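Take a look at the structure set out below.
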Amino acid sequence: MSESGMSESSTAQSGTARTGPVQRGTAESKAPEDSTPEIAGAPYRPTARTVPTRSRERAAYDRELVHRILDEAYVCHLGFVRDGAPVVLPTLYGRVDERLYVHGSTGSRPLRMAGRQDAEGRADGQADDPGLAVCLTVTHVDGLVLARSAFHHSINYRSVVVHGIARQVTDPQERSTALDAIVDHVVPGRSRDSRPANARELAATAVLRLDLDEVSAKVRTGGPNDEPEDTTLPYWTGVVPVVRGYGTPVPADDLDPAVPVPGYLSAL
């Protein structure tokens with residue numbers, strides 16, 4: 001399958017009152033103003049790291065497309081280097097405007113590495129935090145592309161790759177915004193309909209912040225690209241769509257029967 005050309009836990013929240021609708025990529029309490037390094041609506045600037053070496057025609061830097069791909073996924077893969085070797089971890093995340101927030105335990109390696117200080121840095125993870133160089137990816141598979149030749153089999157996909165420096169979030173208000181955004185990224189509206197995290201849970205929870213600055217999307221659509229001499233071969237060819245669906249919510253065994261299914265679940 002040579003053709004596809006794709007680009008190189010539980011959550012906790014803080015206890016503030018929440019009202020009104022919540023959508024992915026937004027938050028009732030906005031992130032700090034410096035969270036929008038680009039002009040709103042303008043395309044992301046291509047860089048040496050975000051321009052693919054092959055299938056360049058599939059690359060895109062449209063801001064709305066990038067946001068849509070990020071907002072429709074549940075899991076990202078966070079890559080970084082640990083002890084000289086690459087590590088890639090799947091994790092939950094949320095978007096607030098032009099920032100991604102990644103959830104983790106305070107004991108996890110990337111969270112500790114992001115807050116680690118050099119010899120003259122501060123120990124509180126603030127201004128002198130050197131951060132952690134990361135690459136974050138999100139991918140949707142939209143179709144299985146079956147060609148007449150094995151070589152031209154592929155998939156239809158939408159993907160986003162983000163390069164940057166991840167830093168720990170220590171500001172209480174930003175942590176609150178980030179944790180609510182991660183919960184609402186999975187199920188919009190859920191942060192208002194669950195118990196806020198207590199002090200013990202918050203102490204065990206850490207958040208990484210990654211600005212959407214060096215970003216690209218890559219998309220493949222359409223059918224197979226067979227060689228002209230293969231078009232008469234007697235093999236089925238085409239696309240098998242891949243769709244996401246939700247089943248009927250299954251209540252927990254100990255749920256009070258009087259508690260109804262929330263309306264926001266019906267909207268999924």
Side-chain angles (χ1 to χ4, degrees), residues 9-31 35 40-41 62-78 90-105 136-144 155-160 162 173-198 201-202 205 207 210 212 217 219 221 239-268:
S9 82
S10 64
T11 55
Q13 74 235 18
S14 63
T16 57
R18 310 173 184 95
T19 59
V22 175
Q23 297 178 333
R24 293 183 178 93
T26 64
E28 294 164 5
S29 298
K30 294 293 185 181
S35 67
D62 179 78
R63 196 172 298 268
E64 290 187 6
L65 173 63
V66 167
H67 290 178
R68 190 161 58 248
I69 292 172
L70 291 171
D71 293 349
E72 291 179 10
Y74 290 116
V75 175
C76 71
H77 287 83
L78 184 70
T91 187
L92 297 175
Y93 69 99
R95 181 180 69 85
V96 177
D97 300 327
E98 292 298 324
R99 278 183 171 170
L100 292 182
Y101 292 101
V102 178
H103 166 272
S105 164
L136 182 147
T137 66
V138 166
T139 303
H140 301 269
V141 176
D142 297 322
L144 311 179
I155 61 171
N156 285 339
Y157 63 87
R158 292 165 292 141
S159 65
V160 164
V162 184
Q173 182 58 57
E174 187 178 1
R175 271 172 53 88
S176 173
T177 297
L179 292 170
D180 283 349
I182 293 170
V183 173
D184 287 323
H185 183 84
V186 178
V187 178
R190 184 62 180 178
S191 67
R192 301 191 313 272
D193 193 34
S194 54
R195 175 182 64 77
N198 57 36
E201 292 165 339
L202 287 173
T205 304
V207 178
L210 178 63
L212 290 175
V219 178
T221 60
V239 177
V240 180
V242 175
V243 296
R244 184 172 74 189
Y246 298 91
T248 302
V250 178
D253 293 340
D254 58 355
L255 179 67
D256 184 342
V259 177
V261 175
Y264 53 77
L265 291 184
S266 302
L268 290 177

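Bear in mind the structure is a predicted one, so any value in this text is a computation, not a measurement. Along the sequence shown, residues carry numbers from 1.
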Keeping the roles fixed (side chain from [X], backbone from [Y]), state whether a donor-acceptor pair exists under 3.5 Å.
{"X": "Arg99", "Y": "Ala178", "result": "no"}
{"X": "Arg158", "Y": "Arg68", "result": "no"}
{"X": "Asp180", "Y": "Ser191", "result": "no"}
{"X": "Arg95", "Y": "Asp97", "result": "yes"}

Just how far is it from atom [atom1] of [X] to atom [atom2] of [Y], taken to the nearest 0.5 Å?
{"X": "Thr139", "Y": "His77", "atom1": "OG1", "atom2": "NE2", "value": "8.0 Å"}
{"X": "Tyr101", "Y": "Thr177", "atom1": "OH", "atom2": "OG1", "value": "7.0 Å"}
{"X": "Thr91", "Y": "Ile182", "atom1": "OG1", "atom2": "CD1", "value": "7.5 Å"}
{"X": "Thr205", "Y": "His103", "atom1": "OG1", "atom2": "NE2", "value": "4.5 Å"}

Is any side-chain heavy atom of [X] less than 4.5 Å from a side-chain heavy atom of [Y]?
{"X": "Ile155", "Y": "Val242", "value": "no"}
{"X": "His185", "Y": "Leu92", "value": "no"}
{"X": "Ser159", "Y": "Ile69", "value": "no"}
{"X": "Leu210", "Y": "Tyr93", "value": "no"}

Original post:
Under a 4.0 Å N-O cut-off, is there an ion pair linking Glu72 with Arg244?
Top reply: no

**OP:** Would you mind listing every side chain to side chain donor-acceptor pair (under 3.5 Å) that reaches into residues 257-268, with sequence neighbours excluded?
**Re:** Arg190-Tyr264, Asp193-Tyr264

Subject >> Exercise: identify the closest heavy-atom pair between Gly189 and Asp184 >> reply: N-OD1, 3.0 Å

Original post:
Which heavy atom in Pro196 sits nearest to a heavy atom in Glu201, and how many Å separate them?
Top reply: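 Minimum heavy-atom contact is O-OE1, 4.3 Å.
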
Distance-only criterion, 3.5 Å: show the donor-acceptor pairs between side-chain atoms of residues 250-259 and protein atoms not counting sequence neighbours.
| from | atom 1 | to | atom 2 | distance (Å) |
| --- | --- | --- | --- | --- |
| Asp256 | OD1 | Ala258 | N | 2.9 |

Subject >> Those residues that, when tested against Asn156, pass side-chain contact (heavy atoms from CB on, under 4.5 Å) (two or more places apart) >> reply: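 Residues passing side-chain contact (heavy atoms from CB on, under 4.5 Å) with Asn156: Asp142, Val145, Arg220, Val239.
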
